[in-house]
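Residues: numbered from 1 along the sequence shown.
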Amino acid sequence: MLVAAIMDIVTSSCDNTQEVSFNPSLPGNAETRDIAAALQVIEEGGLHLDEPPEGEDDGGGTGRKGIGIKILEGTPVLGLSRTCSDSYSEELKHQTPKTIIYQNKYENSPQQKNVSSSVVPGLWDDLHCEHVAVPFATWALANWATASQMNKTHIRELDRDGHAVMAALMAPERSVKWHASLVVRLLLEDRHTPLNESISEWASSILSTISQACKHEDVSLANVALSALLLSVERSPAVQKIVMENGLNPMREIAKQMTKHKQVQEAMAKALELLCTGELHLSLEESQKWSGILVPWVFGTFSSDTIRSSAIKILSQILEDYGPTSVPLSQGWLAIMLSEVHSSIKKSNDSGTSQPKSDNVKTLINNANIASAAQVANQLSTAVVNLAAKKMGITSGDASPLADFLSLEPLAGPFKNLKKDNLPKLDAADSAVATLKGIKALTEVCAENSVCQDMIVDFGILSLLRRFMLSDDYEKLAAIEAYDASSRAHEGKERISNVDGKPPISELYDSASVRVPPTAHIRKHAARLLTILSLLPKVKKVVTADETWCKWLDDCANGRIPGCSDLKMQSYARAALLNVFCNDQPNGRSGNSGPSDGGVKNYRNSCPRYDDMIFLINSHLPHWKCPKETDQQESLSNVISLAPFADNDNGIESWNNNNCSISNDSTKSNPDRNLPPLDIVFVHGLRGGPYKTWRIAEEKISTSPHLVEKIDEEAGKLGTFWPGEWLSSDFPEARMFTLKYKTNLTQWSGASLPLQEVSSMLLEKLVAAGVGNRPVVFVTHSMGGLVVKQILHKAKEERFDNLVKNTMGIVFYSCPHFGSKLADMPWRMGFVLRPAPTIGELRSGSSRLIELNDYIRHLHKKGLLDVLSFCETKVTPIVEGYGGWAFRTEIVPIESAYPGFGELVVLESTDHINCCKPVSRLDPSYTETLKFLQRLKTCLDSAYVSEEELS
C-alpha cells in the first residue's frame, strides 16, 4: 500500500533568472496531509512505501522508503530516500520495469529538454535518479510556501519545532539547501507571525550554507540563503547575538571572496549594518578587522549605493563607539577620500573633459590646489600609519587587526616602509594638524567643483564632518598621552635614580610637554566645508533629519558651545542651518536657475544661499532666520525692491530729496517689522580678511615695521571686532555681512584672482545670498572699494538691477580710486617681487580705475547713492631691513583716496592699515561712519512713511 503523498507536478519550474524569487507550480491551497507528508519525508529522509503487518517489525529498519511522484501523463517515477540500501534499489528496479524503461526513453525527449531548460542551472545536478525523495519534498514545500499565505500557515503549524526545515537546511544536496533557504525566507517575511523556536539554529546553518556556496562561487544558492539570513537577523535578537558571536569571521571571508558579486556584497553589507547599528556593536578588534572591508565598500568602483550607505553607517557607528581610539580610521577615511578626489580630478584633466587648459590665474590656482591635495593626502596617510604604529606597536607584516586597512592605498606605502625598531615620534597634536590640513585641502579642491562635492558626499564626508565638529577625539587623545606620560614618569622615578648627570625621568616624560591639538581649527574648517555642501539637496536631507547635529549647529551659532567662540565658526554654523532649512521652498524653488546671458546665475525669487565667502555678523541675532515663502514673496515685491525709478535717460528718478539718498518708490511698508530694513556689507582690502581687517589692533599707531607679505596680517588679529560689537548695538537697524576673497601682493605667496574675476565671483555669491534685494550699504577698505565698484559695474552688465538700485551708499576707507604707490613699487621691481595680477590693476593712472570711478560718479550725480571717503595721513612701514632700517610709504595719498565726489574725512595720525580700525566709539573713523548710516536710515524711514500716507 502506497502511503506517500502523490504530488502532481504541473511543471518543474525554478526560473533560472530568479535566484531568490520563485514561481509556484503547485496549487495555492494545498491539502494539509500533503504538506504533512512532505515535512515527514524531509525530517525522516522518506516514507515507508509498504507498511509491515500489524505486530511485525520492518526487518530491522530495512523498510522501503521513498516518495511517489506523477509526471508526464501520470507515469510514476519512484524516488528512494538517502537511507535506502543498494540491494533494495536493485530489487525496486526489478519491481518497476515500466518506470525505469520509460525514464530511459524520456531522457532524450523534447519534453525533458523543456523541463531542464526551466530549472536553475545545476540545481539538481548532484542528485541520483533514485535519490529524489527529500529534494522533491523540499521543492514542493517551497512551491506551497510561495503559492499562498494559507500554505505558509499550515507549514508553521505542522513544523512548530522547526526540525523539518532544519533537516532540509542541513541536507547535503544543493537543491534541498536552496529550497529550504527559500522556505525560511518565505516564513519570515510575514512580520506579524511569531518566530519559530529553531530560528537561531536555522540562521547558523544558513550562514554555513552561504560560506560553502561562496567558496564554490555558487551565487544562486548564496543569494537565496542570504535573503533568509537577512530576515532572521532583522527579526530575531537571538540570531543577532549568535551571528555576532560566531558568524563575523565567516561573513568577513564571504565578503572577501565575493568582491565581484554585487548582490552578495549588498546582502552582506546590510546584514552587518543590522548587526552592529542596533543594541549590539562590534568589538574594537572586530571593528579594526572589518575596516579593511568597510572602507573599500565606500570607495569601491563597483560598490552600489546600498553597499556604500551600509558601510558608511557602520563606520560612523565605530567612530561613535570608540572615539579617540578610532582616530586612525577617521583619518584614513579622510586620506583615502582626498586621494580619490585628486585622482578623479587629475583623470578628468588628462582626458580633457574639464575646462580647457589655459594660463589664466584661476587655472593656476586650481592646479596649485590639486597639487597641494596630493601632497597633503600623502602626509595624512603617513600620519595615519604612524599613529596606528604608536598606539598599537604594529609594523608591516604584523598580523594586526588593522593590517588589511593599512594595506589600502594610499596608506600601503607608508605602512610598507614602517620599521619596528624605528617607530615614528608622533603625538595627538601632530595627528590633529594632519587632519586639519586634509580638511582644508579637500575644501579648496571642492569649493567650486560640484562634481567633487557630489563625490565626497557619496563617500561619507558628512559622517566625518559630524564627527570632527561634535566630538573632541584629539583632545581626549592628548589627555590620554598626558596621563601616560605622567604614569611613566612616576614609575620611572620610583625605579631609577638620577645618576651620571642624566635628566630625571620626570623630565623625559613630562605631561606638561604634551601639546594641545588644534581642535577648534578642525571644527571651523569642517563647518566651512559643511556650509559649502549644505546647498546640495541630498545634504539638506541628511542634516535636517539629524536633530542632534541641528541643535549643535544652532547652539554654536548662538555661542553656547565651548570651543565655538570663533566668529567664523559661528557664521558657518548659522549659514549651514539657513541653507538646509531655507533652500527647499514649498513650490520647489531651490535657487538653481540657469545662468543669465552674462554667465552669472539668476537667483531672483529664490531662497538665500549663503556660501563660505559670505559671513554673517552676529549670527545669534533673531533676524538671521529662514523667511517663510509668503514673507519672501512680499519682500521681493515690496521692500526688497526700491523700484521703480524714473529719469529722462533710463527710467531712474533722482534720489536726492532733502539730502536723502532714497527713492520715492511705491513701497507701502516693510512687511516684516522683525527684520532690519537695511543690509551692510563689509569688504576688506589687500592682504586683509573678513574679520581681521575690522579688528582693533592692540596698538593704534603702526610703529612696528612689517615685511611686504605681512601687511595687515598681524595687525587686527586681537582686539574688538567693531562692526559686531559696536555697530550692531549702536545701529541695530541692519543685517551685517562681511566678505572674504583671496588677495596677495606678490605671486611668491600664491596666485590671486584679478579684480574682474574676484568681482564676478563675489557678485554671484551676493546675489545668491539675497544681497541687493533690499537697501544695502557697502563699507570697504583699500582695494575692497575697487572690488565693490567692479561688482556694481558687473551687476549693471548682468542686469541685476536691484543690486545697483538698492545700493544706497558706499564707505571708502583709503580706497585707491586712481591707483596706489604700493602697486607702483612691485611693478617696477617685477623681477624681484613678481607682483600679483591684482596689484597691476592698482597702478597709478590705470584706465580701468578711471572708468570705474566715472561709473560711480554717474550714480552719485543722479542721486542713486551717497559716498563717504576716509584718507590716511601717515606713512605705513612695509619693508624691514637689516639694522632696524625700514621702508615706509604713503600707500594711498589724499589725491587718490578722494574720488572727486561725496564727503571726505581726513584721519589725523593714521596709516593705511589702521584707518579702518577706530580706537574707540569716539574715533572719527567710527563716528562719521555711524552718522552716515543713520542719515541713510532716516531717509529710508521717511520714504516708507511717505508711501504709507499715499496708500
Test side-chain hydrogen bond (donor to acceptor under 3.5 Å, both in side chains) on Ser431 and Gln331 and set out the steps. CA-CA 9 Å; Ser431 182; Gln331 273 192 318; 2.8 Å; yes

Just wondering, more than 12 heavy atoms not from Lys346 lying within 6.0 Å of its NZ? no

For Glu245, look at atom CD and say whether over 12 heavy atoms of other residues, nucleotides or ligands are found less than 6.0 Å away. yes

If we ignore hydrogens and angles and just use 3.5 Å, is the side chain of Ser211 paired with the main-chain N or O of Pro250 as donor and acceptor? no

Could you tell me if the side chain of Leu319 sits less than 4.5 Å from the side chain of Ser463, heavy atoms only? no

Between CD1 on residue Ile522 and CG on residue Leu436, distance to nearest 0.5 Å: 6.0 Å

In the structure I gave you, are the side-chain heavy atoms of Leu553 and Leu530 within less than 4.5 Å of one another anywhere? yes

Ignoring hydrogens, what is the shortest heavy-atom contact between Asn579 and Thr531? Give both atom names and the distance. ND2-O, 3.6 Å

Given side chains that start at C-beta, do those of Tyr322 and Gln288 come closer than 4.5 Å, heavy atoms only? no

For the residue pair Thr435 / Tyr474, report whether a side-chain donor-acceptor contact shorter than 3.5 Å exists. yes

Over all heavy atoms of both residues, which pair between Ala311 and Val298 is shortest? Give the atoms and the distance, please. CB-CG2, 3.7 Å

State, yes or no, whether a side-chain contact exists between Phe459 and Arg308 at a heavy-atom distance under 4.5 Å. yes

Drop me the distance from Lys270's NZ to Glu234's CD, to the nearest 0.5 angstrom. 7.5 Å

Considering residues, nucleotides and ligands other than His261, do more than 12 of their heavy atoms fall under 6.0 Å from its NE2? yes

When every non-hydrogen atom of Ala255 is compared with those of Gln265, the smallest separation belongs to O-NE2, 2.8 Å

side-chain hydrogen bond (donor to acceptor under 3.5 Å, both in side chains) assessment of Gln317 paired with Thr277: CA-CA 7 Å; Gln317 187 63 58; Thr277 56; over 6 Å; no

On a heavy-atom basis, which atom in Val543 and which in Cys550 lie closest, and how many Å separate them? O-SG, 3.0 Å

As an exercise, state the distance from SG of Cys446 to CE of Met337, rounded to the nearest 0.5 Å. 9.5 Å

Determine whether a donor-acceptor pair (N or O, by modelled atom type, separation under 3.5 Å) exists between the side chain of Glu266 and the backbone of Ser304. no

Electrostatic pair Arg523-Asp566, nearest N-O below 4.0 angstrom: no

Assess whether atom NZ of Lys541 is packed by more than 12 heavy atoms of other residues, nucleotides or ligands within 6.0 Å. no

Can you find a pair of side-chain heavy atoms, one from Ile293 and one from Lys256, that are under 4.5 Å apart? yes

With a 4.5 Å heavy-atom cut-off, do Leu280 and Leu275 have their side chains touching? no

Between Trp333 and Gly460, the two heavy atoms sitting closest are CZ2-O, 3.7 Å

How long is the gap from CD1 on Ile318 to OG1 on Thr325, to the nearest 0.5 Å? 12.5 Å

State, yes or no, whether a side-chain contact exists between Lys437 and Leu380 at a heavy-atom distance under 4.5 Å. no

Are side-chain heavy atoms of Trp549 and Met469 found at a separation under 4.5 Å? yes

